[in-house]
Novice: 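Sending over a structure as structure tokens; questions will come in a sec.
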Amino acid sequence: MNPTITPAPTTEEELQQLRSSLPKELWFNSYPMYFYQNCWNIILDSTISCQNHFQAQDSDIFIASIPKTGTTWLKSLIFAIFNRNNYRISENPLLKHNPHELIPQLESIIYANPQNPDLKTLEKKLDYPRILGTHLPIQSLPTSIKTSNCKIIYICRNPFDTFVSSWLFYLNYDENESVKSNMIDEYFGKFCEGKFPFGPFEDHVLGYWKQSLEESGKVLFVKFEDLKDDPKGQLKKLGEFVGYPFTSEEEQDGKIDEIMKLCSIEKLKEVEANKNGRVYSFIENKWFFRKGEVGDWVNYLSPTMVERFEKIMDEKCCNGLKL
Ligand code: PAP
């Protein structure tokens, strides 16, 4: 993976200079996004801090995604795969904790406070690898992730369900009073222009897609829709990729089915921590679990809106990627 990228600023003064020089947009009239390294970054200071300081290890596993493509689901599946022999299913920590608590986001949890990252969480002594999530586009990953032998599992989802999921998610926030549900056309327009958290969507996806073709042992590209269609096949693929494949005995004993059930949206929705808890102070955990369906976008987007984005995808997509 190519580690070259413009060096990140290292002093507060450099950071301030950078901030004032970058194009800026307010997502939902509230959250500043800066166009940094060809991406509308919604968590700039934390990104820069982890770019400057985070040290990946060869055994690390990263779950990468643009938001709302199935991150929470994939985190639960990977956690369950690694811990399938550590707990009885009824005692699995997924029944007590939100997946984002068990597998923290690099930039928004570990480096949430850029001056004082929560490195203690990374030091935990675990009998399985460190597993972290990230929404950073491939070009903005800390260099050590690119150059070490760690593995990355990227999850993508069709752009329309991704947009709708994100749209409805942000409408939950209290501070967003000025954005109303009838403004969906305007916000879809922004999405088409790439002005979306960690967008442009198509560039985020294509970056990891191309890398998965070049380095299939390092980057695995997974689709939300394939997980829905063939969860068993996908789970086996995930187990193999992370070096912990299911044995035929495990398969016969129903281990894969058990994990699928444990990580189903229906089951996770019942978990108290997912009903009433918060991993992020400003987000209720229940917002991470809505419908989890394929094609719900038809209830929100018009054919004209869809055509507009399809054109963009047609122009940019290559190497046979179909979303
Ligand atoms: P994040 O990037 O903020 O962590 P992410 O988990 O990627 O969000 O996306 C949330 C979507 O995944 C929601 O989709 P929806 O709005 O279309 O319903 C959510 O319902 C869905 N989701 C969460 N958990 C599961 C699951 N176990 N199975 C299927 N879909 C799920």
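Just so it is clear, the structure is predicted and the values come from calculations on it, not from any experiment. For reference, positions follow the sequence shown, starting with 1.
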Novice: Does either side chain, that of S178 or that of N29, offer a donor lying less than 3.5 Å from an acceptor on the other one?
Specialist: yes
Novice: So, F196 versus H204, ring centres under 6.0 angstrom or not?
Specialist: no
Novice: Is there a donor-acceptor pair closer than 3.5 Å between any side-chain N or O of T147 and the backbone N or O of T143?
Specialist: yes
Novice: Verify the distance criterion only: is there a donor paired with an acceptor across the side chains of Q37 and S140 at less than 3.5 Å?
Specialist: yes
Novice: What are the two closest non-hydrogen atoms of Y244 and F82, and how far apart are they?
Specialist: CE2-O, 3.4 Å
Novice: Please step through ring-ring contact (aromatic ring centres under 6.0 Å, His included) for the pair W27 and Y187, ending with a clear verdict.
Specialist: CA-CA 9 Å; W27 183 245; Y187 274 79; 5.3 Å; yes
Novice: Does a sphere of radius 6.0 Å around NZ in K218 hold more than 12 heavy atoms from other residues, nucleotides or ligands, not counting ones at 6.0 Å or beyond?
Specialist: yes
Novice: With a 4.5 Å heavy-atom cut-off, do T47 and Y36 have their side chains touching?
Specialist: yes
Novice: Taking the cut-offs as 6.0 angstrom to the six-membered ring centre and 45 degrees off its axis, would you call R84 and F246 a cation-pi pair?
Specialist: yes
Novice: Quick one: do F288 and F169 satisfy ring-ring contact (aromatic ring centres under 6.0 Å, His included)? Show the steps, please.
Specialist: CA-CA 8 Å; F288 290 109; F169 184 86; 5.6 Å; yes
Novice: Please verify the inter-ring angle class for F191 with F201; under 30° counts as parallel, over 60° as perpendicular, anything in between as tilted.
Specialist: tilted
Novice: Identify the two heavy atoms, one from R157 and one from K68, that lie closest to each other, and give their separation to 0.1 Å.
Specialist: NH1-O, 3.1 Å
Novice: Would you confirm whether S216, through its side chain, and S212, through its main-chain N or O, come within 3.5 Å as a donor-acceptor pair?
Specialist: no
Novice: Is it true that K269 and E266 have a side-chain N and a carboxylate O under 4.0 angstrom from each other?
Specialist: no
Novice: Return the minimal non-hydrogen interatomic distance between I256 and K232, and the atom names on each side.
Specialist: CG2-CG, 3.7 Å
Novice: Compare all side-chain heavy atoms of F62 with those of C150 and state whether any distance is below 4.5 angstrom.
Specialist: yes
Novice: For F289 together with W73, are the ring centres under 6.0 Å from each other?
Specialist: no
Novice: Decide if the gap between the ring center of F188 and the ring center of F163 is smaller than 6.0 angstrom.
Specialist: yes
Novice: Rounded to the nearest 0.5 Å, what's the gap from CG on D60 to CD1 on I145? Could you check?
Specialist: 7.5 Å
Novice: Does the side chain of L15 come within less than 4.5 Å of R19's, by heavy atoms?
Specialist: yes
Novice: Ring centres of F28 and W167 under 6.0 Å apart?
Specialist: yes
Novice: What I want to find out is whether E225 reaches K223 closely enough, with some N-O distance under 4.0 Å, to be called a salt bridge.
Specialist: no
Novice: Using a strict cut-off of less than 4.0 Å between a Lys/Arg side-chain nitrogen and an Asp/Glu carboxylate oxygen, indicate whether R290 and D296 qualify as a salt bridge.
Specialist: yes
Novice: Looking only at side-chain N and O atoms, does E107 offer a donor or acceptor that is under 3.5 Å from a partner on T134?
Specialist: yes
Novice: Got K96 and E272 here, is their nearest side-chain heavy-atom distance under 4.5 Å?
Specialist: no
Novice: Is there a donor in the side chain of N98 and an acceptor in the side chain of N274, or the other way round, less than 3.5 Å apart?
Specialist: yes
Novice: Minimum heavy-atom separation for Y111 to S49, with atom names?
Specialist: CD2-OG, 3.3 Å
Novice: To the nearest 0.5 angstrom, please state how far the CD atom of Q234 sits from the CG atom of L227.
Specialist: 5.5 Å
Novice: Using a 6.0 Å distance limit plus a 45 degree cone around the ring axis, check whether K151 lies over the aromatic ring of F241.
Specialist: yes
Novice: Given ring-ring contact (aromatic ring centres under 6.0 Å, His included), test Y170 with W287 step by step and report yes or no.
Specialist: CA-CA 9 Å; Y170 275 97; W287 300 349; 9.3 Å; no
Novice: Which atoms form the tightest heavy-atom contact between G70 and F224, and what is the distance?
Specialist: CA-CD1, 3.8 Å
